[in-house]
Each structure stands twice: as structure tokens, then as C-alpha cells.
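Throughout, numbering of the chain's residues begins at 1 and tracks the sequence. Because the structure is a prediction, the values reported are computed rather than measured.
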Amino acid sequence: MKIRNVVHKGLRRFMENDHRAALQPAVVPKLRRILSFLQDMEREEELRTVPSWRAHQLVGDRKGVWSLSVTKNRRITFRVDRMESEIIDLDYEDCH
């Protein structure tokens, strides 16, 4: 899927220029795998094929937002525009 926009500035710089200053060095390889997977996937259902990412959709006021585990406290979150087959509002969040 194409990634339409990235909310987190550090993640955007990493994707565009491989600039890692805003990211912990230990998470860079995992982020690289996740981002590559997201760009290669064709359907949302594929997210559940990697159990260690604990892919799930959020509920409540964030209903429809996907969450993938990066570290104990950090998540990659995003929504999927099914009509355009694009990932939107990609973010790297501290969930605690």
C-alpha cells in the first residue's frame, strides 16, 4: 500500500532521508521491517500475519486506527483508506 502521509516528523525524516536522529537506534531495524511490510502489503488482513507486532484496531474515539507494537511503550499507528488502498496518518506514538 502507498503511504499517503506521516504524522511523526522523525519517522517522516527516517522514511524520506534515512535520518535516524529522532529514533532510538535499537528500534530502527524493526521500524524498517514494519514500514517495508506496510508498503508491500495489499490488504489489511495481512497485518495479523506477524504475531510479535500484536496488530489490532483501536476502539472508542480512535475506532478504525491500526496499532502495531514496536517496543513496550511505542506503537506505529495508522488508518487505511480502503477506497484508495492507502495508509494515512502514519504515526509513531508513545502509548503510556
- Asp94 vs Lys72, salt bridge (charged side-chain N to carboxylate O under 4.0 Å, His left out): CA-CA, chis, key distance, verdict: CA-CA 9 Å; Asp94 186 344; Lys72 185 176 181 180; over 6 Å; no
- Would Arg82 and Glu44 count as a salt bridge (charged side-chain N to carboxylate O under 4.0 Å, His left out) if you check the C-alpha gap in whole Å, the side-chain angles of each, and the deciding distance to 0.1 Å? CA-CA 9 Å; Arg82 291 184 185 120; Glu44 293 174 73; 2.5 Å; yes
- Query: Given Trp66 and Val80, is the side chain to side chain contact (heavy atoms under 4.5 Å, CB included) satisfied, shown in steps?
  - Reply: CA-CA 8 Å; Trp66 281 94; Val80 174; 4.1 Å; yes
- Query: Met15 and Leu35: side chain to side chain contact (heavy atoms under 4.5 Å, CB included), yes or no, with the steps?
  - Reply: CA-CA 8 Å; Met15 291 178 62; Leu35 295 171; 3.6 Å; yes
- Query: Step by step, would you call Phe78 with Leu68 a side chain to side chain contact (heavy atoms under 4.5 Å, CB included)?
  - Reply: CA-CA 9 Å; Phe78 57 92; Leu68 304 178; 3.8 Å; yes
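Linking ILVMFWY residues whenever their side-chain heavy atoms come closer than 4.5 Å, directly or via other members, leaves Leu90 and Val7 in distinct clusters. Note on Leu23 and Trp53: same hydrophobic cluster, where clusters join Ile, Leu, Val, Met, Phe, Trp and Tyr whose side-chain heavy atoms are under 4.5 Å apart, directly or indirectly. Ile88 and Met41 are members of different hydrophobic clusters when ILVMFWY side chains are connected at heavy-atom separations under 4.5 Å.
Looking only at side-chain heavy atoms (C-beta outward), Leu38 and Met1 stay at 4.5 Å or farther from each other. Using a 4.5 Å heavy-atom cutoff, the side chains of Val6 and Asp91 are not in contact. Residues Thr77 and Arg62 are in side-chain contact: their nearest non-hydrogen atoms beyond the backbone lie under 4.5 Å apart. Side-chain contact check for Ile87 versus Arg4: every heavy-atom pair is 4.5 Å or farther apart.
Look at Asp81 and Lys2 and you find no salt bridge, because none of the NZ, NE, NH1 or NH2 atoms lies under 4.0 Å from a carboxylate O.
Shown here is Glu42, whose CD atom has no more than 12 heavy atoms of other residues, nucleotides or ligands within 6.0 Å.
When every heavy atom of His56 is checked against every heavy atom of Arg54, the shortest pair comes out as ND1-O, 2.9 Å. Nearest approach of Ser69 to Ser52, heavy atoms of both residues: CB-O, 4.3 Å. Summarising the geometry of Lys30 relative to Val70, their closest heavy-atom pair is NZ-O, 3.1 Å, with the distance given to 0.1 Å.
In this structure, the side chain of Asp89 does not engage the main chain of Arg79 through any donor-acceptor pair within 3.5 Å. The backbone N or O of Ser36 lies less than 3.5 Å from no partner atom in the side chain of Gln39, so there is not a single donor-acceptor pair.
In this structure, Arg75 fails the cation-pi test against Tyr92, since its NZ or CZ atom is not both closer than 6.0 Å to the six-membered ring centre and inside 45 degrees of the ring normal.
When Ile76, Leu47, Leu58 are each tested for a side-chain contact (heavy atoms from CB on, under 4.5 Å) with Ser67, only one passes: Leu58. Tested against Phe14, the residues Arg20, Lys9, His8 include a single side-chain contact (heavy atoms from CB on, under 4.5 Å) partner, Arg20.
Asn5 CG to Glu86 CD: the interatomic distance, rounded to the nearest 0.5 Å, is 9.0 Å.
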